[in-house]
Each structure stands twice: as structure tokens, then as C-alpha cells.
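Working notes, structure below.
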Amino acid sequence: MSACVPTRATRPTDSATPERLHQPHSPPPAPRRRFHLAGADVSASIAVFLIALPLSLGIALATGAPLQAGLVAAAVGGLVAGRFGGSALQVSGPAAGLTVVTADLIHRYGWRTTCAITVLAGLAQLGLGCLRVARTALAVSPAIVHGMLAGIGVTIAVAQLHIVLGGTPQSSVLANLLALPAQVAAGRPAALVVSALTLTLLLLWPRLPGRAGRLLRKVPAALVAVSGATAVASLTGLTLPRVELPSWSSHALAGLPEGPALGLVAAVLTITLVCSVQSLLGAVAVDKLVAARAASPDGAEPTDRKGSAAIGSASPTGSASPTGSTTAAASPATTPSAPRVARSDLDRELLGQGAANIVSGALGGLPIAGVAVRSSANVRAGAVSRNSTMLHGVLVVVAALLMVPILELIPLASLAALVMAVGIQMVSLHHIRTVTRHREVLVYAVTTLGVVFLGVLQGVALGIAVAVATALHRLAHTRITHDEKEGVQHVRVRGQLTFLAVPRLSRALHLVPHGAPAVVELDGSFMDHAAYETLQDWQKTHTAHGGTVEFGGRRPGLRIAEPVIPHADEDADCRCGPWTPWRNHQCDLTSLAPATTDDADRRRTDTVIATSTSTETATGPGTHSPTPTRTGTAAAENTTPESADAKSADVPPDDTDGGRNRDTDRKETDPPPTAHQLVRGISAFQRNTAPLVRDELERLAREGQRPSQLFLTCADSRLVTSMITSSGPGDLFVVRNVGNLVPLPGEDSGDDSVAAAIEYAVDVLEVRSITVCGHSGCGAMQALLNAEPGTAHTPLKRWLRHGLPSLERMADDGRPWARLAGRAAADAVEQLCLTNVVQQLDHLRAHASVDRALRAGALELHGMYFHVGEAQAYLLTEGKVFDHVRPVDVPA
């Protein structure tokens with residue numbers, strides 16, 4: 001046999017079963033995946049279906065389309081967009097945001113042409129998806145999007161108010177407002193009773209109290225409201241218009257578009273724009289909801305405090321609740337076995353929406369877009385895949401074919417009241433506060449009024465024009481002021497420095513007297529070349545006349561020219577942020593410390609050079625060392641990361657002195673290096689950080705502190721609580737001690753300091769949660785492990801006796817050990833750190849104030865472990881497991 005022919009043992013094969021062959025040197029084909037329908041998807045699809053059914057009929061009624069069109073759009077949105085879209089949990093269907101546009105198209109061109117426009121808009125969406133421009137839609141200002149939704153909401157509410165009163169809406173908002181008095185005077189009691197009952201159930205159902213109310217609230221409020229009104233109308237025999245669903249054999253399908261070409265093009269662009277923007281923003285919002293659900297300790301999706309989540313907000317955004325539980329519920333989204341929901345593919349989502357609109361329009365359905373109400377309900381119900389969306393579409397098809405007699409009992413006034421409530425919710429007070437805070441209320445107002453009185457496309461165009469004009473105004477508008485404080489001339493520039501502001505900048509700078517100390521605060525993020533040269537020329541002239549110039553504001557690292565101080569090295573301005581470690585600061589120490597007689601000669605050697613990552617003088621150019629290299633004993637002391645942290649107050653060597661120890665050259669009259677660091681840090685705060693937080697601190701000083709959490713942690717210098725929790729002034733009430741210990745209450749073992757802080761936080765400040773945070777490499781836990789019996793009782797040893805119960809707990813084989821998710825503890829010290837957090841939580845519960853608050857349901861306890869080297873936080877779950885806190889997107 002030739003050596004070129006590979007030999008292979010033959011095996012007998014069953015003649016009835018063909019052998020599956022695959023290419024050599026490739027893995028065998030993967031086994032065929034079996035279809036699996038999760039129980040969470042089934043329950044979520046039912047919840048979404050119960051919301052979609054009445055809303056689809058109501059939106060079809062509001063547009064003036066055949067009522068079957070709403071059911072067709074809901075079914076196609078679930079099946080087509082759910083299968084081919086890029087967002088697994090977004091639910092698509094007839095959306096309230098398209099009501100005004102669709103109603104206008106039906107009024108102008110008729111229903112069959114409107115269906116053809118929907119098909120063309122779907123083709124346009126397919127083209128945009130193939131061009132991969134989905135991310136471009138997110139560049140639209142949120143103020144424009146929220147203004148558009150608010151305008152559509154106002155239009156819907158005003159139009160549906162006529163049906164609620166038993167009449168017929170007009171073609172425009174202005175006409176509806178003018179006809180409203182006559183509609184009220186007509187007085188149709190039957191329609192008013194049904195509408196009032198629907199709105200009452202919508203309002204009260206999400207607010208049912210108690211455990212029974214919690215169970216009942218699982219039924220969607222929209223379904224309860226429409227069902228209750230229908231039952232009352234049927235039982236009392238009220239005579240009023242009801243839903244009419246003709247035979248599907250007479251259902252109108254799409255026809256050839258008829259009308260002026262320019263008008264049809266504008267209609268297609270309008271449908272494409274509104275559908276695409278709403279769907280893409282909805283997909284992003286669904287990602288945030290899924291991330292918030294996964295990050296929530298109890299696995300539950302946060303709901304609106306006022307209970308409006310049962311109906312749903314018109315906004316596609318959601319926010320996580322700031323509070324949580326110490327236990328982890330077995331939610332499908334949070335259990336380790338549950339599949340993770342992938343982030344949305346926006347280009348694929350655009351393709352899926354385009355395909356859905358083509359099918360819906362061809363079958364005589366309404367235009368389709370991602371719907372916030374149904375999407376948020378899908379996420380809240382625990383859906384884990386796109387199967388829930390598709391199954392909801394199947395249920396809509398079944399209902400449309402088999403439930404026609406039941407659907408025809410629904411009064412039109414009840415559907416109108418439901419849609420009117422949705423329209424009112426589209427005017428979100430939260431959005432108004434947000435755009436006001438960001439100074440975009442003008443864009444919001446113009447867009448809203450434009451949509452209400454001119455139309456959606458015209459209103460959005462007006463909003464974009466105002467947004468561009470506002471941005472140009474902000475870029476060109478710069479406020480420049482000059483004043484004198486305690487002999488120092490202050491020139492403050494607020495805004496962007498462009499050539500347009502140069503004349504006013506020059507006038508303000510020439511108001512500074514020659515030879516005077518001056519501070520120029522640049523409160524902006526952009527400076528063009530003309531403004532740069534103006535500042536540079538003025539600085540040279542001013543310093544030549546004996547003056548001094550200091551630059552500050554939001555650009556602390558800005559260098560205008562050479563340093564002001566003679567013979568200083570490189571940058572004189574501090575370029576250090578609020579969290580820059582002292583030993584990494586890049587500042588001139590002597591410019592901030594008291595001067596001495598040899599100050600001018602020592603400025604160069606006292607200049608700190610950043611050496612935390614490289615020291616070219618000591619190790620040669622181009623080489624890197626993790627810590628600064630020193631001579632003598634100093635070098636030996638910095639051979640480990642622990643010793644480097646312990647010696648973080650030492651001043652690194654300068655590049656100009658060959659790495660020699662600067663402490664040996666310092667004279668007795670010089671201030672110590674720690675004084676330099678303290679003064680430098682305070683100066684950097686006053687210059688860079690204080691202007692940014694002054695307003696907030698003034699508010700806190702005026703209103704007092706109202707923290708939401710008590711954070712009890714170790715006194716270790718590496719544990720910066722506000723940094724690892726991303727909190728600001730007034731957020732945390734922090735108690736720090738050696739070992740993050742909580743002594744048990746009692747005369748012999750108690751500690752009044754910690755107990756007083758706990759009592760004050762719980763009873764006076766009324767914090768909602770207490771967190772006990774341990775950390776890796778804790779010296780207190782190491783001391784506990786190494787303690788020898790019979791040694792002298794120093795203050796430290798007397799304090800650490802409060803940690804002895806943690807040692808006993810770790811040694812007790814009858815109790816399960818606290819552990820980290822995914823790995824075992826690195827050593828005994830880490831195991832004791834984890835056990836200590838669990839034990840101190842038990843000590844917390846023994847305090848009377850904590851026990852009362854826990855029994856009242858006003859307080860929650862959390863355990864946390866922070867691994868310093870990994871910069872990773874772990875939260876304690878129900879099974880004594882510290883699980884990762886993974887990065888998520890936060891609704892703002």
C-alpha cells in the first residue's frame with residue numbers, strides 16, 4: 001500500500017443508516033439542537049398577549065383602520081419581527097407612536113394605499129439595515145424623540161376623548177379642541193359610564209394592597225379594565241357602539257399606491273423614520289431593562305412606584321430600583337442555568353422590522369414598530385429568549401380566529417379610554433425634568449408643539465433645526481468675567497473659547513493690572529488656535545512685568561506656555577485628578593509649600609516626576625519597573641507591592657538626580673514630604689474638584705444629610721468607598737474600623753462608637769440598607785489567624801476580640817463556609833475575610849434598632865467583598881455565596 005494513502009480501519013455500517021461523513025482534519029458536525037421552550041417564555045408570552053390584544057384593537061380604532069388590521073400587525077410583529085429581529089426580548093406590533101401618522105395617511109389616501117406605503121417603508125428599512133446605519137438613528141437628540149412622543153400622545157388623547165364622550169373625532173387637534181364643547185354638551189351617559197369604569201380600573205388595579213393585591217396585579221391592568229367595562233356593559237344592557245370584526249374573507253389587503261408621487265415619498269419617509277427610531281431606541285431600552293434585571297439582587301424587574309408599569313409608559317426607557325434584597329431569587333434570568341440574553345444587534349433589528357412591515361402591509365395590517373409597553377412587560381415577566389415574542393404572536397392568531405364573538409362584545413368607548421390613557425402617559429414628567437436639567441426644554445417644546453399642530457415629520461424637522469441652532473449658540477456663546485478677590489485678579493471663562501470670543505477675552509485680560517497675581521479659570525472643553533495664542537501672548541507680557549499667572553478650572557492639565565516660575569521644570573500646573581494617588585502626582589511641590597532660602601535652587605530637584613510605571617534613570621531608557629528604584633535601604637523596602645503601598649507617602653526620585661534619595665538632601669528647615677503631599681492634594685481639590693461639587697455641597701449644607709445607606713467597612717487605605725460604589729457627597733453614611741467589625745451589644749463586649757453610629761443611621765437618618773464590606777488582604781484577619789494565646793492585651797488585640805466569633809464560625813464544620821462564586825478561597829485569610837462579613841451581619845441583627853427596622857420591612861442588610869488586586873466587587877447571596885457584580889448599562 002502506498003505511503004501516501006492513509007490507512008484506516010473499516011467498521012461495519014448498518015445498511016439502513018447512512019454514514020455521516022465530514023471533511024478530514026475538521027471537527028465532527030455538532031448534534032442537531034432540539035427545540036426547547038422555556039416555561040418562563042410561555043408565561044411571559046401569555047402576559048404580553050393579554051396586554052397586546054386590547055391595545056391592538058384600540059390603536060386600530062384610533063387610526064380609523066379596520067380593527068382586524070391591529071390584530072394582523074400584532075401577529076406579524078410577534079412572528080416575523082420576533083424571529084428575524086436583532087432584539088430577542090423586544091415585542092413589536094402596532095404602536096401608539098404611529099397612530100397619528102397612520103390616521104393621517106388613511107384620511108388622505110385610503111386604507112389600501114396606506115398598506116402599500118407600509119410595504120414601501122419596510123423595503124426602505126431593509127435598505128437601511130443592509131447599509132448598516134442603525135447606529136446613526138441613535139444620534140437623534142433624546143429631547144426630539146421625547147418631544148415627538150409627547151406630541152403624538154397629546155394628539156391621541158384629544159382625539160380619543162371624543163370617542164370616550166360618545167362622539168366621533170375630527171381630523172386635527174385644533175378641530176378636535178374646537179368641537180369638544182359641543183361634544184360635552186351632547187352628553188351620552190352610557191359611553192361616559194363605560195369610559196369612567198375603564199379609567200378607574202386602569203388607575204386602581206396596580207395599587208391593590210396586600211398579598212392578595214400582589215397576586216392580582218399579575219393580571220395586566222389593561223385586560224382587567226377592558227374586560228370589566230365589557231362585562232358591565234353587557235350585564236346592564238347599555239346601548240353603545242361595540243367592536244365590529246367582519247369576516248376575514250372581506251378583509252382588505254394592500255393595493256397599488258395612488259396619489260401624488262411627492263406626497264407618497266414623504267409618507268414612506270415618515271413611516272420609515274418613526275418606525276425605525278422608535279424600534280431602535282426601544283431595543284436599546286430593552287437591553288437596559290435586561291441588564292437591570294440581571295443585576296437586581298432579587299432578580300425582579302423594577303416597577304414604577306405609582307404602579308403605572310401595569311399599563312406601561314410610552315417611554316422605551318426603564319430604571320433599576322435603588323434598593324435590593326440580600327437574597328437572590330431563583331429567577332430565570334438570574335439563575336446560573338438560565339441562558340444569557342444577548343445584546344441587541346441594531347442592524348439586524350432594522351432588517352427584522354423592515355420584513356415585518358412588508359408582511360404586515362401586504363396582509364392589510366398596521367405599520368409595525370417596537371412597543372415599549374409590551375417589551376417592558378415581556379422583560380418583567382422573565383422571558384429569556386425570542387420564543388416568548390413569537391408565541392405571543394401565535395396566541396394573537398388563535399384569538400383572531402376563535403375569539404371573534406367575545407371581541408365583538410367590547411365597547412368602543414372602553415378601547416378609546418385605554419388608548420387615551422396611553423396617550424396621556426406619553427407626556428412623561430420624568431422626560432420633562434430631564435430635558436430641563438440638560439437645558440433642552442426649548443427643543444422638547446418646539447418638537448411637541450410642531451407634532452401637535454403641524455404633523456410628525458414637520459415637528460421632528462423643527463426640533464432638529466432648533467437642536468442644531470441651540471448647539472451652535474452654545475458653541476459661540478462664551479461668558480467672560482473679571483473680578484478681584486483678596487488682591488488676586490480672577491478671569492473666568494465659561495463656555496468654549498473660539499475666535500468669536502477673542503475680543504471679549506482680550507478686554508477682560510487687559511483689565512488685569514501689571515504685576516498683579518492672576519488666576520484664569522477655563523470652564524470649558526474646547527479652545528481654538530486664536531484663543532490659545534491670545535492667552536499665550538498675554539501670559540508672556542504679564543509675566544514679563546513681574547506678574548504671576550495660574551490656570552485652573554475644568555482643564556487643569558492645560559499648558560499655555562512656559563511655566564511662570566523661573567527655573568521650574570516642565571509643567572508648573574497640577575495635572576492630577578481627584579483619584580490620582582499621591583505618589584503618582586505630577587505637580588511642583590515647592591510651588592504649593594512654604595518657600596525657603598534655597599527654594600529657587602531646589603525647585604528642580606523637588607519636582608515630582610511620575611515613576612509608578614517607569615523610571616528611565618534607574619533602569620535605562622525604554623525599560624519599565626513596577627516601583628521606583630532607590631538606593632540603600634530605600635530600594636530594599638520597595639521590593640513588594642505591599643511595602644510600596646505602605647510607603648506610599650515617600651516621595652519618588654527625580655529624573656535629574658540619578659535616582660538618589662531626596663530625603664538625604666533635604667535640609668532641616670524644609671517641610672516634610674508628607675506636608676508637601678497634603679498641601680498639594682488640598683490645592684488640587686480647591687482648584688479642580690471644588691468648583692464642580694460646590695453647588696451640590698451647598699445644597700447638602702442647606703438641607704442636611706439624607707444618606708440612603710450605611711456602609712460599614714475596613715479602615716484599609718486601599719478601600720475608597722465612594723470610588724468603588726460610584727457615590728457622591730451625601731450618599732453614604734460610612735463607618736470604618738479595623739477589620740470591619742460590628743461588636744455585639746452588651747455591657748461587657750459592646751462598643752459604643754460603632755453601636756452609636758448604627759443607631760444614629762437607622763433611627764435618625766433612616767437609612768434603607770446597611771452594607772458590611774470586607775476586602776482581600778485584610779491585616780486584621782491576618783492578625784486574628786496569627787494571634788497567640790496569652791500575649792499582651794494591647795488596644796489592637798482588645799479590639800480584635802470582636803472578630804473571634806468569625807474564627808469560631810470558620811472552624812465549625814457544621815456550618816457551610818462562605819465562598820466566592822466560581823472559585824475557592826485563595827487561602828485561609830481570604831476565607832476568614834468572607835466568613836467575617838457573614839458573621840458581622842449576624843452581629844448587626846442583634847442590635848435593637850436594626851432588629852426593629854428589619855421586622856418593619858424598612859431596612860435591608862447586604863454583604864460585600866472587594867478584591868483589591870482584581871478591583872472586583874462581590875455581593876453576598878442567599879446561599880452564602882459572594883457573586884460577581886458585573887458591569888451593566890445604567891439608565892441614567
Side-chain angles (χ1 to χ4, degrees), residues 49-74 93-94 96 99 102-103 106 155-170 176 179-180 182-206 219-248 310-312 366 373 396 399-425:
F49 161 72
L50 295 178
I51 296 175
L53 191 63
L55 281 178
S56 299
L57 293 173
I59 292 172
L61 173 67
T63 60
L67 296 184
Q68 297 102 318
L71 300 176
V72 171
T99 302
T102 309
I106 295 174
T155 306
I156 292 173
V158 173
Q160 296 307 297
L161 183 58
H162 284 268
I163 303 179
V164 166
L165 297 174
T168 303
Q170 305 298 316
N176 281 322
L180 196 57
Q183 200 71 260
V184 174
R188 297 174 178 86
L192 279 174
V193 168
V194 170
S195 301
L197 179 60
T198 303
L199 293 175
T200 301
L201 289 174
L202 277 174
L203 182 66
L204 297 182
W205 189 259
V219 182
L223 179 67
V224 172
V226 174
S227 300
T230 302
V232 170
S234 300
L235 293 176
T236 57
L238 294 177
T239 303
L240 68 171
R242 300 177 187 269
V243 169
E244 293 183 5
L245 293 175
S247 173
W248 286 100
I311 307 172
L366 291 171
V373 180
V396 172
L401 296 177
L402 303 180
M403 295 177 58
V404 172
I406 298 176
L407 297 179
E408 288 183 336
L409 297 175
I410 301 175
L412 296 182
S414 179
L415 292 178
L418 174 64
V419 177
M420 185 180 72
V422 173
I424 293 174
Q425 288 182 346

Looking only at non-hydrogen atoms, find the nearest pair between L412 and I163 and report the distance. O-CG2, 4.0 Å
Does a side-chain heavy-atom distance below 4.5 Å link L53 with L71? yes
So, taking the atom named CE in M420 and the one named CG in L415, what distance separates them when rounded to the nearest 0.5 Å? 12.5 Å
side-chain contact (heavy atoms from CB on, under 4.5 Å) involving E244 - partner list, sequence neighbours excluded: none
Is the shortest heavy-atom distance from the side chain of V184 to the side chain of L165 under 4.5 Å? yes
For the residue pair V396 and A74, what are the closest heavy atoms and their distance? CG1-CB, 4.0 Å
Hits for side-chain contact (heavy atoms from CB on, under 4.5 Å) against A231, two or more places apart or cross-chain, chain-then-number order -> none
Where A229 and P411 come nearest, the two heavy atoms and their spacing: O-CG, 4.4 Å
Any idea which heavy atoms bring V419 and A62 closest together, and the distance? CG1-CB, 4.2 Å
Contact summary for L199 and A421, nearest pair of heavy atoms: CD2-CB, 4.2 Å
For residues A413 and V164, report the shortest heavy-atom separation together with the two atoms involved. O-CG2, 4.3 Å
I'd like to know if the side chain of T63 reaches the main chain of A60, judged simply by a donor and an acceptor atom lying under 3.5 Å from each other, with no hydrogens or angles considered. yes
Within the structure provided, determine whether I51 and L223 are in side-chain contact (heavy-atom separation under 4.5 Å). no
Trace of the side-chain contact (heavy atoms from CB on, under 4.5 Å) decision for H162 with T168: CA-CA 6 Å; H162 284 268; T168 303; over 6 Å; no
Tell me which pairs pass side-chain hydrogen bond (donor to acceptor under 3.5 Å, both in side chains) where either residue lies in residues 187-204, with sequence neighbours left out. Q183-R188, T198-S414
Pick one: which of T102, L418, V422, L366 meets side-chain contact (heavy atoms from CB on, under 4.5 Å) with I59? L366
